[in-house]
Every structure is written in structure tokens, then in C-alpha cells.
Amino acid sequence: MRRTGALAAEVLIAACEHVRAGITTDAIDRFVHDAAVAAGAYPSPLGYRGYPKSVCTSVNEVICHGIPDSRRLDAGDIINIDVTVYREGVHGDTSVTLMIGDVDEHSRRLVAETRVALHSGIGAVRAGAVVSDIGRAIQNHAFRHGLGVVREFIGHGVGTEFHSGLQVPHYYDRRHSTVLTEGMTFTIEPMLTLGSPEAAMWDDGWTAVTVDGRRTAQFEHTLACTSDGAEILTRTAAGECAHDLFTEPVG
Ligand code: MF3
Ligand code: CO
Ligand code: CO
């Protein structure tokens, strides 16, 4: 899981280095596909429950699972790039939201606070805590900043399966009382919104958008629960991740 997580981080960073205004989301898909294959990995999204591409690219009001296509990124857009790779029998899953060029102040705040919200959730992880502690921490952070929390899509156990049975909501629900134990591996991937957190689905069956068309951001890490905290698995061997490298607008 450490090695595959590091690869996911490397592929995501490399993809981000290519992103600038004018690039199509298809070009990001091609890049991620080729980078995964070159590293001896399989891009987990490709063919997963019929998903047609190797990465998810979710622009502006798209909450998650945006399908790469011929759309070109414009200055002022925000885009989440969600990379999952499968190698050595396990998956590593990580995503970042990038800002393209001059981005409005509301979007900047949304992106920055969603990143912090992920870290609030990570801060709740330790052996003996319960799953609902994670969502409570994220929701508290979001609500303090006047941001919505998407409920329809949640974090998940990850390992030999892309999505194992474990569910990790980003909102507080005391019924999620599973106790975290050392060595459990799962994602935390909050999707926060400037407006309504309600989601609608495009007729492609994948693209989830905010019902009010306002913007949404997401950050994701794959984690391992430890005796006293969490180990972030989706970092490079040098400890880098796209979340820390791309806090300022690109291209
Ligand atoms: N990577 C996404 C997640 O964080 C799942 C994408 S499923 C796909 O869980 F089929 F859309 F790729
Ligand atoms: Co995930
Ligand atoms: Co993901």
C-alpha cells in the first residue's frame, strides 16, 4: 500500500505539472493512463463499473467522477484530478483540486478550506477512534467556513479492492460507529461546496454536479490508521504530494 500510494502521488504530481489553461481533460487522461502503464500499474478507473476513462476530471460545478473529454480548461476554472492506480495487488487513490490562472476569491477560499477540511478529518484518525469522528471533524470545519458538505459521495476502504465495504462519510452520523484499528486502510475525500451540497447526475450516469451550479472542491488521500494517528500513504518517497505543491494557481 505504501509503494502503490507513492506511485499514485507521483502520477498525480506529474499530471498536475502538465495542467495549464488550454489543455483538454482528454489530454490529462492520456497522460495519467500512460504514466500509470509506464510504471507497471493499471489505471483503476478504466472499465471500473463501466467507467470509460483512466482518471476523473471534475471542473467547477462537477462534484466528482467527471469524464475526460474535449473540453479545454480556461483561466478561472478549478479542476479536481482524481488518480487511482493498481499495482502489486492493491490500489492507491488520491486527488487534488487545482486552480487555473486567475481564480475568483470565493473559489480560492473553497479550495483552501477543502484542503484544510481533509486534514481535520485525518487528524481524527487513530486506533480506537470511530469512523464518525472523521466526518464530525470535517463537517465542523466546513460549517465554520460557511461551506456545504456533499453527502452522496463518501470515503471508502481501499486495498486489494478499489472500494471495500467500509464507508467514511464526510458529515457527522453517529451510526457510523465502526472502531478504527491499526493497519486499516481507507480514503478521506471531502467534497465541499460554496452553495447547496445537493448533487444531480448527468445522463452519462457518472458526472455528479451541484444542483445550483455553484462550485465544489475535493481533496483525497489514502491513509493507514496507526496506533496514535494516520499515515498518509499517497505521498512520494520524498514525502511530497500535489496538495502541498499546488496551493497557488497554475498556468
Ligand atoms: N477515485 C474515485 C474515488 O475516490 C472513484 C472513481 S470511480 C470511477 O473513490 F469509476 F469513476 F473512476
Ligand atoms: Co476514493
Ligand atoms: Co479517488
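Numbering of ligands and ligand atoms starts at 1, following listing order. Note that these values count all heavy atoms, side chains included, but never hydrogens, waters or copies made by symmetry. Just so you know, residue 1 is the first one in the sequence shown, and it goes up from there. Only a predicted model underlies this, so the values are computations on that prediction, with no experimental measurement involved.
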Looking only at protein heavy atoms, which one is nearest to atom 9 (O) of ligand 1, and how far off is it? His163 NE2, 2.7 Å
Atom 4 (O) of ligand 1: closest protein heavy atom, distance to 0.1 Å, is Glu189 OE1, 2.8 Å
Heavy atom under 4.0 Å from ligand 1: found in Cys56's side chain, backbone, both, or neither? side chain
Relative to the Co ion (ligand 2), which of the N, O or S atoms in Glu189 is the closest? OE2
If the plane angle is over 60° it's perpendicular, under 30° parallel, otherwise tilted; pick one for His163 and Tyr48. tilted
Between the OG1 atom in Thr160 and the NE2 atom in His91, the distance rounded to the nearest 0.5 Å is 7.5 Å
Would you name the N/O/S atom of Glu220 that lies closest to the Co ion (ligand 2)? OE2
Output yes if His156 passes the N/O/S-under-2.8 Å test against the Co ion (ligand 2); output no otherwise. yes
Would you verify whether the NZ or CZ of Arg115 falls within 45 degrees of the ring axis of Phe219 while also being under 6.0 Å from that six-membered ring's centre? no
Distance (rounded to the nearest 0.5 Å) between Arg215 CZ and Ile63 CD1: 14.5 Å
So CG of Asp104 and CG of Leu110: to nearest 0.5 Å the spacing works out to 9.5 Å
Region of Thr187 that comes within reach of ligand 1 [heavy atoms, distance under 4.0 Å]: neither
To the Co ion (ligand 2), the closest N, O or S atom belonging to Asp93 is OD2
From CG (Asp69) to OG1 (Thr25), nearest 0.5 Å: 4.0 Å
heavy-atom search around atom 7 (S) of ligand 1 in the protein gives Tyr48 CD2, 3.8 Å
Using heavy atoms and a 4.0 Å limit, tell me yes or no: is Lys53 in contact with ligand 1? no
Phe186 and side-chain contact (heavy atoms from CB on, under 4.5 Å): which partner among Ile134, Asp93, Val131? Ile134
Which residue and atom name correspond to the protein heavy atom nearest atom 2 (C) of ligand 1, and how close is it? Asp82 OD2, 3.2 Å
Mark up the atoms of ligand 1 that fall under 4.0 Å of a heavy atom belonging to Pro45, in ascending order. 12 (F)
